[in-house]
Amino acid sequence: TGLNGGLYDLERVEVLRGPQGTLYGKNATAGSINIITAIPTSKPSASFDASYGNYNDITGHLMVNIPVTSTLAVRAAFAGRTNDGYFDTQGTTPQNYGRTREIAGRLTALWTPSDRFKWQITVSHYISHGTSNAGILTGTTGRPLNGLPVYEQPSSPNPGPFGTIGSFGVQSRMDLLLT
């Protein structure tokens, strides 16, 4: 669930099929997916996009790339999403199930003092105050037992549909060319 906070301002996504234990450890028997975020560049740039959809779903992304000096560049990227939830609990809970309130940010600095050395530092933060999807009792036909539509189910207010997921990370990478 928390992975959505990292899926913005990407350089590329790599899909590595088959066993990858040599590079990624013993638990990568079925393959690996590498999500590579964009790094700062020496050219100033910025981008923004926003969208609106059903259930008051609003999504936005912002990126700013700033070359500070000839050897230092900084890139900031932000993402946010909000919606009212997809399951109408008919007023039985303080908020609907499937509600999304999430924001993510990433700040990356790239220092390249020479052609043989570069150092990248990334700080990222993600927080979601969303909810889970509704658990609905269904019969053998797959339809709700109470006969109401799937997305219009009253629910017990206890426990209410609340959830918070957060992550914070700092990464550092140094590359040195020895030959």
Side-chain angles (χ1 to χ4, degrees), residues 1-17 20-86 95-133 161-177:
T1 301
L3 180 63
N4 292 335
L7 298 177
Y8 61 99
D9 193 34
L10 302 181
E11 181 179 318
R12 68 183 183 275
V13 176
E14 301 172 342
V15 178
L16 308 173
R17 299 184 325 184
Q20 299 295 322
T22 304
L23 295 174
Y24 299 103
K26 67 179 181 178
N27 292 329
T29 57
S32 295
I33 298 174
N34 289 337
I35 299 170
I36 312 298
T37 58
I39 61 172
T41 64
S42 60
K43 295 181 182 177
S45 60
S47 67
F48 172 76
D49 68 73
S51 65
Y52 179 81
N54 293 353
Y55 306 99
N56 289 320
D57 191 290
I58 301 169
T59 302
H61 302 95
L62 171 69
M63 178 281 298
V64 178
N65 186 86
I66 302 169
V68 180
T69 67
S70 62
T71 62
L72 178 65
V74 176
R75 186 179 190 104
F78 303 95
R81 182 169 179 223
T82 181
N83 69 35
D84 294 339
Y86 305 106
Q95 58 186 334
N96 290 329
Y97 280 92
R99 177 182 174 205
T100 303
R101 300 282 185 273
E102 59 187 16
I103 189 163
R106 182 184 315 115
L107 182 64
T108 304
L110 179 62
W111 182 48
T112 53
S114 73
D115 293 341
R116 302 173 61 85
F117 179 75
K118 68 180 177 179
W119 186 10
Q120 176 183 328
I121 297 176
T122 303
V123 177
S124 59
H125 185 61
Y126 168 78
I127 190 150
S128 171
H129 293 292
T131 67
S132 61
N133 287 326
F162 299 103
T164 298
I165 296 172
S167 68
F168 178 81
V170 178
Q171 297 172 308
S172 175
R173 176 181 173 156
M174 293 182 193
D175 294 335
L176 175 63
L177 182 61

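Values in this document were obtained by computation on a predicted structure and should not be read as measured data.
- Side-chain contact between Leu16 and Asn34: present, with at least one pair of heavy atoms (C-beta onward) separated by less than 4.5 Å.
- Of all heavy-atom pairs spanning Ser172 and Trp119, the tightest one is OG-NE1, 2.7 Å.
- Side-chain N or O atoms of Arg101 include one that pairs as donor or acceptor with a backbone N or O of Asn83 at under 3.5 Å.
- Separation of atoms CZ (Arg12) and CD1 (Ile36) is listed at 5.0 Å; rounding is to 0.5 Å.
- The line from CD1 of Ile58 to OG1 of Thr100 is 12.0 Å long, rounded to the nearest 0.5 Å.
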Between Asn56 and Thr82, does a side-chain contact (heavy atoms from CB on, under 4.5 Å) hold up when you go through it step by step? CA-CA 8 Å; Asn56 289 320; Thr82 181; over 6 Å; no
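- Side chains of Ser45 and Met63 form a contact here, defined as non-hydrogen atoms less than 4.5 Å apart.
- Taking CG from Leu110 and OG from Ser42, the interatomic distance works out to 9.5 Å, rounded to the nearest 0.5 Å.
- Side-chain atoms of Ser114 come within 3.5 Å of backbone N or O of Arg116 as a donor-acceptor pair.
- Residues Met174 and Leu176 fail the side-chain proximity criterion, which asks for heavy atoms closer than 4.5 Å.
- Using a 4.5 Å cut-off on side-chain heavy atoms (C-beta onward), Thr37 and Ile39 make no contact.
- Residues in residues 55-86 take part in these ring-ring contact (aromatic ring centres under 6.0 Å, His included) pairs, two or more places apart or across chains: Tyr55-Tyr86.
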Checking Ile103 against Ile127 for the side-chain contact (heavy atoms from CB on, under 4.5 Å) test, could you report, in this order, the C-alpha distance in whole Å, the side-chain angles of both residues, the deciding distance, and whether it holds? CA-CA 6 Å; Ile103 189 163; Ile127 190 150; 3.6 Å; yes
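- Listed by first and then second residue, the salt bridge (Lys or Arg N to Asp or Glu O under 4.0 Å) pairs that reach into residues 32-54 come to none, sequence neighbours excluded.
- For His125 (side chain) and Ala104 (main-chain N/O), no donor-acceptor pair under 3.5 Å exists by modelled atom type.
- Heavy-atom neighbours of Asp115 CG from other residues, nucleotides or ligands within 6.0 Å: at or below the threshold of 12.
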Is there a side-chain contact (heavy atoms from CB on, under 4.5 Å) between Trp111 and Thr71 once you walk through the steps? CA-CA 6 Å; Trp111 182 48; Thr71 62; 3.6 Å; yes
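- In this structure, Ile35 and Leu10 have side chains that are in contact, with non-hydrogen atoms separated by less than 4.5 Å.
- No option in Thr41, Thr108, Asp9 other than Thr41 meets the side-chain hydrogen bond (donor to acceptor under 3.5 Å, both in side chains) test with Asn65.
- Checked against salt bridge (charged side-chain N to carboxylate O under 4.0 Å, His left out), Arg17 has no partners two or more places apart in sequence or in another chain.
- Contact check for Arg75 versus Val64: no side-chain heavy atoms found under the 4.5 Å cut-off.
- Residues Glu102 and Tyr126 come closest through the heavy atom pair OE1-OH, 2.6 Å.
- A 4.5 Å side-chain heavy-atom check between Thr59 and Ser51 finds at least one atom pair inside the cut-off.
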